[in-house]
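Here is the structure we will look at.
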2 protein chains.
Amino acid sequence: MSVGRPPATMTEIAAALGVSSATVSNALSGKGRVSAELSAKIRQAAEELGYVPSHAARALRTGRTGVIGLVLPDISNPLFPQIAQAIEQAAAAAGYGVLIADSRGETAQQTAAIGRLIERGVDGMIVVPRRGSRIGDIGTPVAIIDSPSTPGNTVSSDHWEGGMQMGRHFASLGHDKVLLIAQSRESNVQNDRIGGLKAGLGDDICCETLWVEDLEASQGAGSAFGLADRVADGFTGFAAVYDLLALRALTELQRDGIDVPLQASVSGFDDLVWSSVVIPSITTLRQNLSTIAECAVEALGHAIADSETLSGTSIAGRPNCERVPMMLVARHSTGPASGSVVSASVNARKDSG
Amino acid sequence: MSVGRPPATMTEIAAALGVSSATVSNALSGKGRVSAELSAKIRQAAEELGYVPSHAARALRTGRTGVIGLVLPDISNPLFPQIAQAIEQAAAAAGYGVLIADSRGETAQQTAAIGRLIERGVDGMIVVPRRGSRIGDIGTPVAIIDSPSTPGNTVSSDHWEGGMQMGRHFASLGHDKVLLIAQSRESNVQNDRIGGLKAGLGDDICCETLWVEDLEASQGAGSAFGLADRVADGFTGFAAVYDLLALRALTELQRDGIDVPLQASVSGFDDLVWSSVVIPSITTLRQNLSTIAECAVEALGHAIADSETLSGTSIAGRPNCERVPMMLVARHSTGPASGSVVSASVNARKDSG
DNA sequence: CCAAGGTGATTAATCGTTTAATCAAGCATA
DNA sequence: TATGCTTGATTAAACGATTAATCACCTTGG
């Protein structure tokens, strides 16, 4: 609020009180030996003079900037804002600032982005790796958010178990022919989800996987999934591996005059903004991003601490939250398979949000 | 790549070459007087020793951190990733790092977020203000991304002119009863878009505005827009003020068995990820975010430079890009009004992406 | 031949904090 | 009374880059 005037320094506080700047530092950090009353006086003076610590000076002296980097893959991932928000939140709570770096989809850019962060002197970084890429040892503490299948200092949702929940959801609704829709075979996350879905559906349910990358390779980008034909073939369930695919499926079915959820059920993953807003609203699995962010920041904090005592380069199998559970959000895009009879209780737990 | 070993300092380079550290500084920054050959040797040595400048030391000495803050409103805005990416890109090109701060939707948080950034010593910040909030004078250079209606150091798309383009698009397709769909009366951006739409539609076309906040206040959040009734009333065009509303409208129409674009046309703003993927793909207006980001960073750079020479607090009416044009992306959700006759050329410019 | 001016480099102070080392008392113990 | 320990504070040296001031040397011009 007080505009223009540069913030006071420790030296100024010291001068104002006639003590040494070391004493001020000790009082404010609570580290050295300072009498209670002097300490109180110093704190008060600091308050009155509008003292703001110089992060630059502290960083220079201690070698720690109090800033962590957040490396994100291609921006097109609509889950990114939520991740970024959760990380920023958790980092701020832990006293860190968050510097962003975008890898613009390319692996080379990912490396460059990491380099830029290191040059800026971040204490560590959190990486959401680009699909199919590995983060080598970069001489800086790192925490990775990906899938539990990724080795290393990784925090993640339990995508497999989530898939299983969704598989069971379809099973309980009486579907017996379900199409799994995924984008890329390279993605650990998608593979985990697919595996879980199959496990949840069980052996009695017929399921098949549509890989969109294959489809688009042959038919061109943005081509239709041909779901109406699938419905004609007896498919009643369409479980997509993330919400964008679910939305694509939903609108295609609707366009072709197929009623969702009466004739076909559709589900996604991630609970993106629009999922609750679309009509019918989409049944999906929500990640507990705030927990993941907290875990990632905490794990990174440990890695940073370790990298100081132990020489060498961190990365411990630290986080005990390697598999954060996901939450099924049942909404209106899934319902009993047409022609099947199910207990009413299943549908009762839908919310309207 | 060289792991573990701390990066070399200027002093080390100086020692290795038997010169003074000041000379190294001069050679590397090209400022003082250094002979060409010595300068070359210094550069080479720096390269070989893997010199990485200490941002902390530089910041301490010069008072500039080379970091700018990016303050974003509620994360739920799906345009955020694109903005963040564009800013990060432009900032990196200008040699700045980007520290993010999230205002979590509340104005109080916005102020707190700004405060945190200032404490971290950012040289300036770019703010995407929360709807209806003002950014006071905060004693730090600022650039704002909002609407041209916002006073101050503002960069923005020309939402009004964009609305006009879309209005004309509907007019050229022969629609004569169009429903405008908006969320909040407080939003400068939305008001601009609405104004432009009305202007573009012209006086001959009947139009009405549906304010979703009013609807939800009376009917509860997530309630349907009741568009089928509107179609029955003769509405053939539905122009939403951003893509999320357009998507909501599209799916509601589809659910009720109304064919888009045969019986009704739907459009949005912002060209979010899903807009091109949905079936039918959504006609929308794309913002030129990279230009906006470049302008914002450049304007901020000037503001920062000014704030050093001129005492007092910056904010000049600098940017000559106060109204960056938007681009109409005609896709498959809009078409000739049912029963009207239009020239074929209009539909010809659709793309399939 | 001497003063003036230019060139290429060095010296040393500075930015604001942290922290190891030191110091002056005060008080208890032997 | 001399010794040792504790407490509360100070001194001073870093951290690494920037930069004004200074200096030594060499070239020119008068």
Side-chain angles (χ1 to χ4, degrees), chain A residues 5-43 45-46 49-67 95 97 118-123 308-309, chain B residues 5-43 45-46 49-67 95 97 118-123 308-309:
Chain A
R5 180 165 48 78
T9 70
M10 281 194 166
T11 319
E12 287 168 343
I13 297 179
L17 263 54
V19 298
S20 80
S21 66
T23 304
V24 175
S25 174
N26 285 332
L28 260 29
S29 65
K31 285 200 171 175
R33 290 182 299 215
V34 186
S35 68
E37 48 182 344
L38 180 51
S39 178
K41 265 205 297 195
I42 289 175
R43 284 170 200 289
L49 296 176
Y51 169 68
V52 177
S54 158
H55 278 260
R58 183 174 295 161
L60 178 58
R61 179 62 227 241
T62 63
R64 302 238 317 242
T65 54
V67 172
I118 292 181
E119 288 204 2
R120 291 232 169 250
V122 296
D123 293 340
E308 298 211 321
T309 43
Chain B
R5 183 164 46 81
T9 71
M10 283 196 165
T11 318
E12 287 168 343
I13 297 179
L17 264 56
V19 300
S20 82
S21 67
T23 304
V24 176
S25 175
N26 285 331
L28 260 29
S29 67
K31 287 200 169 174
R33 292 183 297 214
V34 187
S35 68
E37 48 182 343
L38 181 53
S39 178
K41 266 204 298 194
I42 290 175
R43 283 170 200 287
L49 295 176
Y51 170 67
V52 178
S54 157
H55 278 261
R58 184 176 292 161
L60 177 58
R61 178 63 227 239
T62 64
R64 301 236 321 241
T65 53
V67 172
I118 292 181
E119 288 203 4
R120 290 231 169 251
V122 297
D123 293 340
E308 297 212 320
T309 43

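Sequence lines set the chain letters: A, B, ... in the order given, protein chains first and strands last, and positions in each chain run from 1.
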For residues 6-13 of chain B, which side-chain donor-acceptor pairs fall under 3.5 Å, sequence neighbours excluded?
residue	atom	partner	partner atom	Å
T9(B)	OG1	T11(B)	N	3.3
T9(B)	OG1	E12(B)	N	3.2
E12(B)	OE1	T9(B)	N	2.9

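- With values rounded to the nearest 0.5 angstrom, L28(A) atom CG is found 11.5 Å from S21(A) atom OG.
- Mapping heavy-atom proximity under 4.0 Å, the span of DNA chain D touched by chain A runs 5' to 3' from dT7(D) to dG16(D).
- A search for side-chain contact (heavy atoms from CB on, under 4.5 Å) contacts involving S29(B) returns K31(B), not counting sequence neighbours.
- Contacts between residues 30-40 of chain A and DNA chain D, counted as heavy-atom distances below 4.0 Å, involve R33(A), V34(A), S35(A), L38(A).
- Shown here are the side-chain contact (heavy atoms from CB on, under 4.5 Å) partners of R64(B), two or more places apart in sequence or in another chain: T62(B), Y96(B), D123(B), I304(B), E308(B).
- S54(A) meets the side-chain contact (heavy atoms from CB on, under 4.5 Å) test with A56(A), A57(A), L60(B); sequence neighbours excluded.
- Looking at residues two or more places apart in sequence or on another chain, you find a side-chain contact (heavy atoms from CB on, under 4.5 Å) between S39(A) and A27(A), V34(A), R43(A).
- Look at CG on L60(A): it is 12 Å from P on dT17(C), rounded to the nearest Å.
- Within residues 18-29 of chain B, the residues that have a heavy atom under 4.0 Å from DNA chain D are, in order of number, A22(B), S25(B), N26(B).
- Atom CE in M10(B) sits roughly 20 Å away from atom P in dT14(C) (whole-Å rounding).
- In this structure, R64(B) places its CZ atom 16 Å from P of dG16(C), rounding to the nearest Å.
- In terms of the side-chain hydrogen bond (donor to acceptor under 3.5 Å, both in side chains) criterion, residue partners of R120(A) (sequence neighbours excluded) are, by chain and number, H55(B).
- Not counting sequence neighbours, R58(B) has no partner by the side-chain hydrogen bond (donor to acceptor under 3.5 Å, both in side chains) test.
- Rounded to whole Å, the distance from CD1 on I42(A) to P on dT17(C) is 13 Å.
- Atoms CG and CG, from L17(B) and L38(B) in turn, are 7.0 Å apart once rounded to the nearest 0.5 Å.
- Under the 4.5 Å side-chain criterion, counting only non-hydrogen atoms from C-beta, Y51(B) is not in contact with V24(B).
- The rotation axes computed at either terminus of the helix from dC1(C)-dG30(D) to dA30(C)-dT1(D) lie 70° apart, taking five pairs at each end and rounding to 10 degrees.
- For the segment residues 51-58 of chain B, the set of residues with a heavy atom within less than 4.0 Å of an atom of DNA chain C is empty.
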